[in-house]
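So the structure is just underneath, and the comments pick up after that.
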Number of protein chains: 2
Amino acid sequence: MEIRHADRIADALEELVFTGQFNDGDRLDEIRLAKQFGVSRTPIREALQRLVASGIAEQIPRRGVFVRQPGPVELMEMFETMAEIEAVCGRLAARRISDEALRELEEANALCREAVTAHDTDAYYRENERFHHTIYAQSGNSYLAGQALRLHRRLKPFRRLQLRLRGRLAQSMAEHEEIVDALKAGDDQRAASALRDHVGIQGEKFRHLITELRTAAQ
Amino acid sequence: MEIRHADRIADALEELVFTGQFNDGDRLDEIRLAKQFGVSRTPIREALQRLVASGIAEQIPRRGVFVRQPGPVELMEMFETMAEIEAVCGRLAARRISDEALRELEEANALCREAVTAHDTDAYYRENERFHHTIYAQSGNSYLAGQALRLHRRLKPFRRLQLRLRGRLAQSMAEHEEIVDALKAGDDQRAASALRDHVGIQGEKFRHLITELRTAAQ
DNA sequence: AATCACATTATTGTATACAAAAAAGTTGAC
DNA sequence: GTCAACTTTTTTGTATACAATAATGTGATT
């Protein structure tokens, strides 16, 4: 046996929820999933526990586990929280960042720019992630960085949506450069607000998308 | 059966770890715990999964679950993160707080003061918690408030230590009043830095305690 | 005595069995 | 036809059984 079934299944289920294979409120049927994954209920239950712990699903005692997709309100709250946490990371990083990390940010930005012109969205996502993860790490606080990573990962599927908006990629690039400038200058206030705005705008754009979809559906 | 064994056991184990019944690196033996709690391994394993998910323990595949007490470095990082998150809550609350909540903060502070003079530490802890939880809630962002609560709860056993320091309670009270003043004035910057300092000092005091204990032990 | 190979034991991870509770279905009165 | 009480089925939660891997012990060899 390669690795633990429970871990593999938890990752798979997480992916299924994130890619929208399940709707909000869907019950995660243990027996059905057990058959589907070709295992017994035991590893399925362990996987479900993990989903519940990470907030992807909710458990109602003696009723089952139900997927819990964040609604528009909670998503906006999560984006606002992400913006504030990134701002904190930036504020701390402005005073603690290493020259090497600054070079890495510039490199990631350069590759991002290339990806934009080449319309290579995968590369863009990859370098964009590297950019943000570097800032988290350079906060000099690995606990904080861990929390930032967690939320960043949670919001990933939703961030991808708004990045599809026309002109958003170019705007995002400009914001990245402002962030690097502030970090270079060691200006913690400016770094914080640049990052807060950068992520905050993502939330805003996302809200627009939501309301558009909602009105279109009616 | 009242409630789920797994949940009850998870709470109990959490409490045991927090109160220092287990040392860092101790293996949480499934069979021993099963006997101890008078249940089978199944609910024990579910409880252990919850501890792992909340970062209280670590799982090494096919080796077992080991308690993972944060070391001095990680604790300082957690205090710093708490300080920053509280600052964020304060910044947002300064613009969003209701009159009723302001009154609640003042009431909690008044009761805190009474508790200090009466040397009623339990009452102090209770009202102190109410003070902070109110600020989290008044950030107007329930996701953020939830994250703040989580970390606050995680740090609880360590915060209690530093509050025992001479003069700390009175100082803490003064800080609380400064925070309320800033919130009343709607001054988000001042509220943020007052809260950041208030919690940051706790981390500092805690660090002193640690180093003192360390030198005393040598 | 130290070390390596091998056998034994212990422990984790998974499967299955069972108990208790909830959901679904059925019957009967109105 | 509707509703309520009861029965059946389904599903969760827990116990136990089994399989696979890691830890431990034993003995031969140097």
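Residue numbering restarts at 1 for every chain, and letters A, B, ... go by the order of the sequence lines. These values consider heavy atoms only, across backbone and side chains, with no hydrogens, waters or symmetry-generated copies.
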- Message: For Arg168(A), is there an ion pair with Glu175(A) - N to carboxylate O distance below 4.0 angstrom?
- Response: yes

- Aromatic ring pairing Phe206(B)/Phe79(B), orientation class (parallel under 30°, perpendicular over 60°, tilted between): tilted

- Passing option when Arg154(B) is tested against Arg159(B), Met78(B), Met82(B) for side chain to side chain contact (heavy atoms under 4.5 Å, CB included): Met78(B)

- Message: At less than 4.0 Å, is any side-chain N or O atom of Arg62(B) found next to OP1 or OP2 of dA22(D)? Yes or no.
- Response: no

- Could you state the atom-to-atom distance from CD1 of Ile9(A) to C1' of dG13(C) in whole Å? 12 Å

- Residues Glu106(A), Arg103(A): salt bridge by 4.0 Å N-O rule: no

- Query: Out of Tyr136(A), Tyr125(A), Phe131(A), which residue meets the ring-ring contact (aromatic ring centres under 6.0 Å, His included) rule with His152(A)?
  - Reply: Tyr136(A)

- Message: Check Glu129(A) with Arg126(A), please: is the shortest side-chain N to carboxylate O separation under 4.0 Å?
- Response: no

- Within this structure, what is the CZ-to-C1' distance between Arg45(B) and dT14(C), rounded to whole angstrom? 8 Å

- Query: Does Phe37(A) have its ring centroid less than 6.0 Å away from the ring centroid of His5(A)?
  - Reply: no

- Check step by step if side-chain contact (heavy atoms from CB on, under 4.5 Å) holds for Ile44(B) and Leu28(B). CA-CA 10 Å; Ile44(B) 297 290; Leu28(B) 293 167; over 6 Å; no

- When the distance from CD of Gln59(B) to C1' of dT12(C) is rounded to whole Å, what number comes out? 9 Å

- Item | Whole-Å distance separating the CD1 atom of Ile60(B) from the C1' atom of dT21(D) | 15 Å

- Query: For DNA chain D, what residues of residues 23-37 of chain B have any heavy atom nearer than 4.0 Å?
  - Reply: none

- Determine whether Tyr124(B) and Met173(B) make a side-chain contact, defined as any pair of heavy atoms from C-beta on separated by less than 4.5 Å. yes

- Task: Assign each of Arg63(A) and Pro43(A) to its nearest nucleotide of DNA chain C by heavy atoms, then name whichever residue's nucleotide is nearer the 5' end.
- Result: Pro43(A)

Extract from the structure each pairing of a protein N or O with an N or O of nucleotides 16-18 of chain D at less than 3.5 Å, listing the distance.
none

- Phe66(A) CZ to dT11(D) P: how many Å, rounded? 12 Å

- Item | Rounded interatomic separation in angstrom, taking CZ from Arg4(A) and P from dT11(C) | 17 Å

